[in-house]
**Student:** 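One structure, pasted below without further comment.
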Amino acid sequence: MVKLVVSLLQLSKMAVNHTGEREVLEAVGSCLGEVGPIDFSTIAIQHSKDVSYAKALELFEDKELQWTLIMLTYLNNTLIEDCVRVRAAAVTCLKNILATKTGHSFWEIYKTKVDPMLIYLQPFRTSRKKFLEVPRLDKDNPLESLDDSSLWIPQSENHDVWIKTLTCAILDSGGTKSEILQLLKPMCEVKTDFCQAVLPYLIHDILLQDTNESWKNLLSTHIQGFFSNCFRYSSQTSRSTTPANLDSESQHFSRCYLDKKSQRTMLAVVDYMRRQKSSSSGTVFDDAFWLELNYLEVAKVAQSCAAHFTALLYAEIYADKKNMDDQEKRNLMFEEGSESTTISSLSEKSKEETGISLQDLLLEIYRSIGEPDSLYGCGGGKMLQPLTRLRTYEHEAMWGKALVTYDLETAISSSTRQAGIIQALQNLGLCYILSVYLKGLDNENKEWCAELQELHYQAAWRNMQWDHCISVDKQVEGTSYHESLYNALQSLRDREFSTFYESLKYARVKEVEELCKGSLESVYSLYPTLSRLQAIGELESIGELFSRSVADRQPSEVYIKWQKHSQLLKDTDFSFQEPIMALRTVILEILMEKEMENSQRECFKDILTKHLVELSVLARTFKNTQLPERAIFQIKQYNSTSRGVSEWQLEEAQVFWAKKEQSLALSILKQMIKKLDASCSENDPKLKLIYTECLRVCGNWLAETCLENPAVIMQTYLEKAVEVAENYDGENNDELRNGKMKAFLSLARFSDTQYQRIENYMKSSEFENKQALLKRAKEEVGLLREHKIQTTNRYIIKVQRELELDECALRALKEDRKRFLCKAVENYINCLLSGEEHDMWIFRLCSLWLENSGVSEVNGMMKRDGVKIPSYKFLPLMYQLAARMGTKMMGGLGFHEVLNNLISKISTDHPHHTLFIILALANANKDEFLTKPEAARRSRLTKNAPKQNSQLDEDRIKAANKIIDTIRSRRPQMVGSVEALCDAYITLANLDATQWKAQRGGINIPADQPITKLKNLEDVVVPTMEIKVDPTGEYRNLVTIQSFKAEFRLAGGINLPKIIDCLGSDGKERRQLVKGRDDLRQDAVMQQVFQMCNTLLQRNTETRKRKLTISTYKVVPLSQRSGVLEWCTGTVPIGEFLVNNENGAHKRYRPKDFSAYQCQSKMMAVQKKSYEEKYKTFMDICKNFQPVFRYFCMEKFLDPAVWFEKRLAYTRSVATSSIVGYILGLGDRHVQNILINEQSAELVHIDLGVAFEQGKILPTPETVPFRLTRDIVDGMGITGVEGVFRRCCEKTMEVMRNSQETLLTIVEVLLYDPLFDWTMNPLKALYLQQRPEDETELHSTPNAGHQECKRNLSDTDQSFNKVAERVLMRLQEKLKGVEEGTVLSVGGQVNLLIQQAMDPKNLSRLFPGWKAWV
């Protein structure tokens, strides 16, 4: 989409100043209006790079030849210019260049390339054998001629004159040595664009020749002078309030726009120089300093040219440089408070030096970029200055607070204040107050500035005040957007269609023109314009509807189109959607006013009501409660409440509920229900739908407020809702289906909650004590009876009665439990049968079923209806269902029968997703069969001791084989091939690779390995690829396995896993990692949880908008001890980038720091000492080992926009994976277990063997919730953990906490999965934290494993269940925000975690292999 928008804008840029310009702009405007402000879910606009430059870099090493190609391409393009002087100059330059020595050598190399340009250039070649010598301009003092500030800073002349003079002066000065560049003067004298293109190369050339830095100093002074001077101009202009008109400074003085061109030219020079390598050993950071510039001033200029990302990059380079200079002055103490102090202290310094506050600049940049969180990293919400506070309130849409602040702060300039107040009143929906306020302003000052006038017009059309007339003259030209809109609406009322179209046309062209003036770096700057263009388009189509004859008018089709468009905008900021909605309201009201016929009026009234309900729902989703109330009020004006019940009343109740006025909301609902009860006989599906919804919502709210007892809620409301819903006559329309589904879900959730309440009570100690007392009383009565004591004894009678009562209560409790359980199961099934929206609840359904596999009613329901649920919905639970397969028909309850049938059905429908899982169970012990016996005896250190098979395992293997046979009867070839493939993988996984241990390159796979023989498996998909689930089960166009490459490599690690390449049927190679002696089931299950978390994050608007996801990769276990994983292509472990011995970033950027090895040995030395010792050593290391991860993005992504986008992606991915990792208790996050993707800069977590807080019971316990060491924070840039990181953590945590049901269910199903070995055992601990002194014990351990296995099974089961329960309890606490016994808000919980993760005391206690100092 973005590409489309950008190419449309490129089109209009090209059209400017040419014939037919208006038509092009208009067409572009209409197209963009059709797009509207959809959320492009990206921040930067990617521009096509200069092709010739990229090509030159690719082809030639030598600078001179690169420049030749670039200049020849440029000159060749100018040969077709209209102007004769330009063409003549181009010819002269071409002839001269091609005659030089460089020209000839260029021709020799380049003529092999097929490039049509050579044909055009051929005529300009000379046949002379002698080369053209370029006369050397040896002046005595070449510097002098350029040492003149009037040359570098445009005085009164315009941009063209200035750039030509400057370029020619540089060429004449004799500083350049390149013969090609020196011959360009004729061209530079006549063409401005050419000068702009050549200037960076000239400066580069001069600096390359610079021996004693004299040129560097001269150029630095003057270029710096240029920027300081620009800045002097731009500081006089006022700051406008909305990011949309940041370019509105042009009206203050005429020279500014020309200035902009000159500014861009100079910025291009700086940008070009920054991308050149300064020396072979230099780092990216050194490349920024070819010239000694104050990057803050350059950043300020870039920001004023709307190059926001460039500005940000330069501001960060400035801050970095400042920090380095400071560090050289005094060696910094570690931990000088958090990051924010550094920004504010830097701001004070920068203000003294240049008069620019770094903080204000950052704030302005972030507002222009429109990234929702960065604002908080540079003072948003922490700063006292009124403007910063106001910007933050506006950003958070806290209009009430903003209004109060604007009212108080008289220091702010009056125009900003008035604009702010108008905006706040409008967003609060206070239209009457606003019109009075505007009248007051009207009387107060007769002179309006343009911006206020614009707001005035906007208020006028929104409130439909058509008598409002500031401008007397009604000409179209020169009007502003809202003025044009106002005029258009007025002409629509008066049916003056010619003026109507004209004002819209004019407004549209003007919007596109404005957009083309800016530098298009940030996507955010497009939104306001797109929103306006959409409004113009919609208004225009209404005009067309109206100019038709009455009979043809179909108002409903317009409404349907609007609805479709609103669907597209669902993730767009409310501030861009609201103006469109407001315009629609006004349009509908005008149409109603003007409509004579009654039938049409009714039609419009219905549409208006629907539209206002939609507006209300939309505003509520964005947490605005004022506008919905206004919308409801407008509805009431047109509709009387006396007649019937309509859906807008339900919305009214929702609005009051959102405003926390709960009793009001409930009373509205109850009244509606009363009315509906009376009219229930009518068979109107619309009414039934409303009825269901009212009952359902009322039931939920009553449960939430505890105003009724559960039985009443259930019978009177929720069950009734389901009853009404089920009475729908089979109309299959979506709304009805949706209503049904919601009703089922509400009842299921409510029953489930009641069931859980009873469950928890029956597990509690209180209940256990009661049971014990009961037992004692029974015994007592028994004893008394034995001794034949008289039954008339009052005591005995009392005890007996109590006994009966207690037993009765217990029976009732158990019955309740069962009733609620069955209700829940039944309704979950119905919910899943009636639609897709709530598929996540399949987890809860399975959880209830597996927990109660002994309850015959539940099995009965699963057998009867559960099987009807589309089988693809069970796929996410395949591992857990398959693990419980068996052949025992336990006690005739038929659990296994139901389960095995279900699995059979899923497997036949979706073999590609299930076959590998079931085969892995059937092959559980295949490794021993396939490897020679001596290999099995050779016990190496492994994470998992070989297990003895129990009866259960045998049973499962049998059941698995049965299912495989079922599939085989359907697809014999497929099953055969998959079996062969799995066997081949397992054999390769167990191949002993110690002999090649030292080899880094490719190793030929031994010829006896079966994997070399597999070719063209036509129905076997590549197992490490994600296959999209196809609900129909047809599965077309899958990528299948063609063959495997004949060589493998070794990855590091104790068990030497093997890397192989699989060639798919689409011709692409895919890397795979084959692992032996390692149970991959845990990794596979953790990936499954990650995918579920991604689904949850995808469902929430806030997290979807920020693209918060966790990178996953595919893991396929093949047996209990081997498996194959997807190799994460294009990634590198962060440890590899940072502290690799040869060329780690720490070594390159900070050669004087401690080496990684020194740090490691220092920490190893204090491993057995006290905590204080460790802390002291750790602090010392930190002082001498400073973070450098910020350079990762600077090195890999040179373009500022790309740099920002990637760094944002990095920060967000750290946030998401940290929070999800914390909730799942993921441990062992050392620097080799976290990879960073070199294309997207996102993190990938691998090796997820330590989860559910098992890291806390390692010999050296883990003390941090996630890895947030100094280097990780450094990668986030200048604001550190503030801003993006903290806010994304909060948003992720919010989603996790709101989905606690789903998460608990998922994890519960996993923890009780009999094959999933997640608990920590001594072997695993040794494997993770091996120390030299442990060597001796290793060889005796694995056999001890056998003894353990033979111990009494029931004991271990009991203790295991306790551990699992504890894990679930802790997970539940985390999701409720309980930390250290207190309940915290989301923000508080995130603060605590960040503080724990960064606390040097905690970091110093970690195992040295974790490398806490990196």
Side-chain angles (χ1 to χ4, degrees), residues 372-373 376 396 620-623 657-658 660 700-701 703-705 745-746 749-750 752-753 756-757 760 838-841 843-844 847 1086 1088-1110 1212-1226 1251-1253 1264-1266 1268 1281 1284-1311 1365-1397:
D373 306 317
Y376 299 93
E396 291 174 354
R620 270 192 306 121
T621 24
F622 286 98
K623 307 275 184 293
W657 184 260
K660 307 263 189 298
N700 285 348
W701 286 353
E704 204 177 311
T705 47
L745 184 62
S746 287
R749 299 289 309 114
F750 183 76
D752 194 356
T753 318
Q756 279 171 318
R757 198 194 66 211
N760 291 340
H838 302 291
D839 284 354
M840 289 295 262
W841 292 109
F843 278 92
R844 185 63 193 146
S847 173
M1086 293 303 283
Q1088 187 187 354
V1089 182
F1090 280 175
Q1091 272 166 340
M1092 282 301 124
C1093 291
N1094 281 342
T1095 311
L1096 294 171
L1097 290 165
Q1098 189 51 39
R1099 294 200 162 173
N1100 174 292
T1101 317
E1102 293 284 315
T1103 47
R1104 179 176 58 239
K1105 214 162 57 181
R1106 290 174 173 77
K1107 286 198 188 146
L1108 299 185
T1109 51
I1110 306 164
R1212 286 171 170 177
S1213 93
V1214 179
T1216 319
S1217 54
S1218 297
I1219 293 298
V1220 174
Y1222 156 72
I1223 283 181
L1224 298 175
L1226 191 59
F1252 305 119
E1253 306 214 331
V1264 291
F1266 39 75
L1268 192 60
V1281 294
V1284 179
F1285 178 74
R1286 194 181 293 275
R1287 303 265 306 181
C1288 288
C1289 282
E1290 287 172 12
K1291 297 292 175 203
T1292 307
M1293 183 66 93
E1294 218 165 286
V1295 170
M1296 296 293 122
R1297 278 172 65 160
N1298 290 342
S1299 333
Q1300 52 174 319
E1301 278 294 329
T1302 322
L1303 280 170
L1304 278 169
T1305 301
I1306 295 169
V1307 174
E1308 183 172 22
V1309 177
L1310 306 181
L1311 288 180
E1365 254 170 56
R1366 252 211 327 273
V1367 167
L1368 276 173
M1369 281 291 299
R1370 179 67 195 113
L1371 180 70
Q1372 200 165 4
E1373 281 186 351
K1374 286 176 177 176
L1375 293 172
K1376 284 189 174 137
V1378 180
E1379 301 289 340
E1380 298 163 7
T1382 45
V1383 181
L1384 301 172
S1385 66
V1386 171
Q1389 192 177 13
V1390 167
N1391 295 344
L1392 177 73
L1393 295 176
I1394 291 178
Q1395 178 246 311
Q1396 283 175 349

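Quick note: residue numbers are just sequence positions, from 1. These figures come from a predicted structure and were not determined experimentally. Both backbone and side-chain heavy atoms feed into the values below; hydrogens, waters and symmetry mates do not.
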**Student:** Hey, could you give me the CE/OG distance between Met1293 and Ser1218, rounded to the nearest 0.5 Å?
**Tutor:** 10.5 Å
**Student:** Could you check if a side-chain atom of Val1284 sits within less than 4.5 angstrom of a side-chain atom of Arg1212, using non-hydrogen atoms only?
**Tutor:** yes
**Student:** Please name the pair of heavy atoms, one in Cys1288 and one in Arg1106, separated by the smallest distance, quoted to 0.1 Å.
**Tutor:** SG-CD, 4.0 Å
**Student:** Is the closest basic N to carboxylate O distance between Asp373 and Lys1291 below 4.0 Å?
**Tutor:** no
**Student:** Do the side chains of Leu1392 and Gln1389 get nearer than 4.5 Å, heavy atoms only?
**Tutor:** no
**Student:** Could you state the interatomic distance from CG (Leu1097) to CG (Leu1108), rounded to the nearest 0.5 Å?
**Tutor:** 6.5 Å
**Student:** Measure the shortest side-chain to side-chain distance between Ser847 and Arg844 over non-hydrogen atoms and say whether it is less than 4.5 angstrom.
**Tutor:** yes
**Student:** Partners of Glu1253 by side-chain contact (heavy atoms from CB on, under 4.5 Å), sequence neighbours excluded?
**Tutor:** Lys1256, Arg1370, Lys1374
**Student:** Which atom names give the shortest non-hydrogen contact between Val1383 and Lys1376, and what distance separates them?
**Tutor:** CG1-O, 3.8 Å
**Student:** How many angstroms lie between atom CD1 of Ile1110 and atom OG of Ser1217, to the nearest 0.5 angstrom?
**Tutor:** 7.0 Å
**Student:** State, with a plain yes or no, whether a side-chain heavy atom of Leu1226 is found less than 4.5 Å away from one of Phe1090.
**Tutor:** yes
**Student:** Could you pull out the closest heavy-atom pair between Arg620 and Ala658, with the gap in Å?
**Tutor:** CD-CB, 4.0 Å
**Student:** Any chance you could measure Gln1098, atom CD, to Asn1100, atom CG, to the nearest 0.5 Å?
**Tutor:** 10.0 Å
**Student:** Of all heavy-atom pairs between Phe750 and Ala703, which one has the smallest distance, and what is that distance?
**Tutor:** CE1-CB, 3.8 Å
**Student:** Identify the two heavy atoms, one from Gln1396 and one from Val1264, that lie closest to each other, and give their separation to 0.1 Å.
**Tutor:** O-CG1, 3.8 Å
**Student:** Hey, are the side chains of Met1092 and Leu1096 touching, using non-hydrogen atoms and a 4.5 Å cut-off?
**Tutor:** no
**Student:** Between the side chains of Arg1286 and Glu1290, is the shortest nitrogen-to-carboxylate-oxygen separation below 4.0 Å, so that they form an ion pair?
**Tutor:** no
**Student:** Measuring from Thr1382:OG1 to Glu1379:CD, what's the distance to the nearest 0.5 Å?
**Tutor:** 8.0 Å
**Student:** Could you list the donor-acceptor pairs under 3.5 angstrom formed between side-chain atoms of residues 1299-1311 and any protein atom two or more places apart in sequence or on another chain?
**Tutor:**
| residue | atom | partner | partner atom | Å |
| --- | --- | --- | --- | --- |
| Ser1299 | OG | Val1295 | O | 2.5 |
| Thr1305 | OG1 | Glu1301 | O | 2.7 |

**Student:** Taking it one step at a time, do Thr1101 and Thr621 satisfy side chain to side chain contact (heavy atoms under 4.5 Å, CB included)?
**Tutor:** CA-CA 9 Å; Thr1101 317; Thr621 24; over 6 Å; no
**Student:** Nearest 0.5 Å, please: how far is CZ in Phe1266 from SG in Cys1289?
**Tutor:** 5.5 Å
**Student:** What I'd like to find out is whether the side chain of Glu1102 reaches to under 4.5 Å of the side chain of Glu1294, using heavy atoms alone.
**Tutor:** no
**Student:** Tell me whether the rings of Trp701 and Trp657 are parallel (<30°), tilted (30 to 60°) or perpendicular (>60°).
**Tutor:** parallel
**Student:** Okay, side chain of Thr1103, backbone of Arg1099: is any donor-acceptor separation there less than 3.5 Å?
**Tutor:** no
**Student:** Compare every heavy atom of Cys1093 with every heavy atom of Val1220, then report the nearest pair and how far apart it is.
**Tutor:** CG1-SG, 3.8 Å
